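The analysis underlying the following values was restricted to heavy atoms, covering all of them including side chains, and did not include hydrogens, waters or symmetry mates. These figures come from a predicted structure and were not determined experimentally.
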Amino acid sequence: MKKGLSLLLTAILVLSTAVTSAAAHGDSGKSSSAPGAKVIVKTTETDSASDASEPTSEKADETPNKKSQKPEAKKEFRVELNTQKKALQQQKNDLNQEKESLQAQYEALLASGDAESAASLLKNIQELDQQIQALQAQMKEIINERFMVAKTLYTDEELAQFSSASDLIAQMYADAEVLQAGSVTVNNQIIKFGAPAYLKNGTILVPLRAIAEKVGGDVTWDSQTQTVKITKGDTVIEITPNSMTALVNGVPVEMDQPANVTCGRSYVPLQFFAETLGLKTDWDSENGTVDIDDGSAEVDSADTSAENGTMDTTAADSTNAETTTTDAAQG
């Protein structure tokens with residue numbers, strides 16, 4: 001009897017332990033599938049995917065930064081290109097001066113009958129020629145890059161307008177050489193013209209407003225005197241379209257070419273404008289570029305106008321070469 005009771009109690013104890021273990025196992029299984037646990041699992045999966053490819057939030061944060069840095073990077077790229085070009089130009093100028101000096105010595109030796117010394121000197125001159133040509137080739141590559149960068153400042157519509165103005169100028173002035181977009185810089189910064197600068201009878205003519213504002217001048221149209229007035233510091237320049245004479249602080253000054261109205265813009269001889277405002281100009285006739293320096297230590301921050309796509313949008317109407325002077329003041 002006692003032995004049977006003992007067996008019964010043992011069986012009950014074993015059964016109770018098994019049930020308790022099963023219940024504990026069931027509770028554990030339920031907790032692994034509870035809402036809180038699912039959130040943890042999903043979060044872990046998301047983080048893992050984010051490691052493989054950048055999180056959306058980080059991409060969103062980076063996009064504005066990249067956009068804000070892009071114009072600045074483009075500006076620095078242009079400055080670097082022009083700085084390289086100027087350095088090469090200086091080397092080329094130095095070599096040309098050395099070549100001219102040797103050329104004079106060579107001719108003197110020939111005149112004196114010293115053919116042997118002249119022949120030796122001629123080899124030096126030929127070596128200089130090769131170096132100059134190599135520098136010119138490097139400059140050409142940089143300038144081509146600069147022209148490509150300049151085109152990125154324009155929309156397709158603006159490029160079409162610029163091209164139309166170029167064609168019109170070529171038709172109006174048979175002896176004119178039209179300069180490409182990006183041909184003119186101020187303080188290493190490309191000027192975004194709505195119509196091109198051009199060379200006529202050895203004189204470079206540029207859209208007045210774009211140049212004047214780039215160097216910190218203020219441009220206004222005086223309807224009473226029918227003149228374009230440029231004010232920069234203490235200097236006031238008054239220009240009347242189709243006149244060879246300008247007024248600088250009220251004093252008449254003769255220009256090489258008359259100011260004119262072309263493609264709805266006032267054009268002015270660059271050399272006159274530069275000399276009047278104390279600007280340094282460097283005309284590269286081989287590559288068709290003009291670099292202007294106003295002597296300021298800092299790079300002109302006005303270049304942001306080009307980055308923002310702003311440009312004089314006076315229409316280059318090929319059917320209206322004689323635009324009104326009021327419109328021409330838009331320069």
Side-chain angles (χ1 to χ4, degrees), residues 82 85-86 89-90 92-93 96-97 139 143 146 150 165-166 169-170 172-219 227-263 265-296 300 302 312 328-329 331:
N82 223 41
K85 186 256 185 187
K86 285 184 176 180
Q89 181 68 59
Q90 185 59 52
K92 181 183 171 185
N93 291 342
N96 275 325
Q97 289 181 0
M139 289 173 59
I143 289 169
R146 189 172 103 174
S166 299
I169 291 172
M172 291 175 64
Y173 310 116
D175 56 346
E177 177 186 344
V178 179
L179 305 186
Q180 297 185 51
S183 294
V184 183
T185 68
V186 171
N187 297 332
N188 284 336
Q189 297 300 303
I190 296 171
I191 298 182
K192 183 181 177 184
F193 286 131
Y198 61 93
L199 181 69
K200 186 175 185 293
N201 296 328
T203 299
I204 301 170
L205 291 106
V206 293
L208 175 57
R209 178 177 290 276
I211 289 288
E213 292 183 345
K214 196 70 173 180
V215 297
D218 181 58
V219 183
T227 59
V228 180
K229 182 181 292 185
I230 305 98
T231 304
K232 186 177 187 296
D234 297 331
T235 303
V236 178
I237 306 171
E238 297 175 79
I239 297 175
T240 303
N242 302 317
S243 173
M244 291 282 291
T245 304
L247 294 178
V248 179
N249 293 334
V251 179
V253 177
E254 292 298 310
M255 297 181 287
D256 294 336
Q257 292 276 339
N260 65 66
V261 178
T262 305
C263 302
R265 293 164 178 82
S266 293
Y267 277 74
V268 64
L270 175 61
Q271 193 61 34
F272 156 77
F273 189 75
E275 290 176 354
T276 302
L277 295 181
L279 308 175
K280 179 183 176 181
T281 61
D282 181 14
W283 163 240
D284 182 350
S285 59
E286 292 182 82
N287 295 299
T289 61
V290 184
D291 295 317
I292 303 169
D293 188 352
D294 66 2
S296 62
D300 188 2
D312 173 19

Show which side-chain atoms of residues 194-203 pair as donor or acceptor with protein atoms under 3.5 Å away, not counting sequence neighbours.
from : atom 1 : to   : atom 2 : distance (Å)
Y198 : OH     : N260 : ND2    : 3.1

Hey, can you pull the donor-acceptor pairs under 3.5 Å for the side chains in residues 228-235, sequence neighbours left out?
none

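If you take CD1 on I190 and NZ on K214, they are separated by 9.0 Å, rounding to the nearest 0.5 Å. Here M255 contributes atom CE and Q271 contributes atom CD; the two are 13.0 Å apart, rounded to the nearest 0.5 Å. Here the straight-line distance linking atom CD1 of I191 with atom CD of Q189 works out to 10.0 Å at 0.5 Å rounding. To the nearest 0.5 Å, atoms CD1 (I237) and CG (N249) are separated by 8.5 Å. Atom CG of L277 and atom CD1 of I211 lie 10.5 Å apart (nearest 0.5 Å).
Salt bridge D282/K92: absent, no basic N to carboxylate O contact under 4.0 Å.
When all heavy atoms of P258 and N242 are compared, the pair lying nearest together is CB-C, 4.0 Å. Smallest separation of non-hydrogen atoms from A170 and V178: N-CG2, 4.3 Å. Closest approach of V261 and P241 over heavy atoms only: CG2-CB, 3.8 Å. Closest approach of F272 to V268, counting heavy atoms only: CD2-CG2, 3.9 Å. Summarising the geometry of T262 relative to Y267, their closest heavy-atom pair is O-CE1, 3.4 Å, with the distance given to 0.1 Å. Contact record, V219 with A212: CG2-CB, 3.5 Å, taken as the closest heavy-atom pair.
T289 is listed as a side-chain neighbour of I143, based on a closest heavy-atom distance under 4.5 Å. The closest side-chain heavy-atom distance from T227 to I239 is not below 4.5 Å. Side-chain contact between L208 and F273 is present, with heavy atoms from C-beta onward closer than 4.5 Å. Using a 4.5 Å heavy-atom cutoff, the side chains of P269 and I204 are not in contact. Using a 4.5 Å heavy-atom threshold, the side chains of L247 and P252 count as touching. For the pair V215/N187, no side-chain contact is recorded, criterion being any heavy-atom separation below 4.5 Å from C-beta on.
Side chains of Q97 and N93: no donor on one and acceptor on the other come within 3.5 Å.
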Would V290 and L270 count as a side-chain contact (heavy atoms from CB on, under 4.5 Å) if you check the C-alpha gap in whole Å, the side-chain angles of each, and the deciding distance to 0.1 Å?
CA-CA 10 Å; V290 184; L270 175 61; 3.5 Å; yes
How far apart are the C-alpha atoms of K85 and D284, what are their side-chain angles, what is the distance that settles it, and do they pass the salt bridge (Lys or Arg N to Asp or Glu O under 4.0 Å) test?
CA-CA 11 Å; K85 186 256 185 187; D284 182 350; 3.7 Å; yes
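Panel note: side chain D291, backbone T281; no donor-acceptor pair is recorded below 3.5 Å. Proximity of a side-chain donor or acceptor of R146 to a complementary backbone N or O of S183 within less than 3.5 Å is detected.
A side-chain hydrogen bond (donor to acceptor under 3.5 Å, both in side chains) with K86 holds for exactly one of D293, N188, T185; it is N188.
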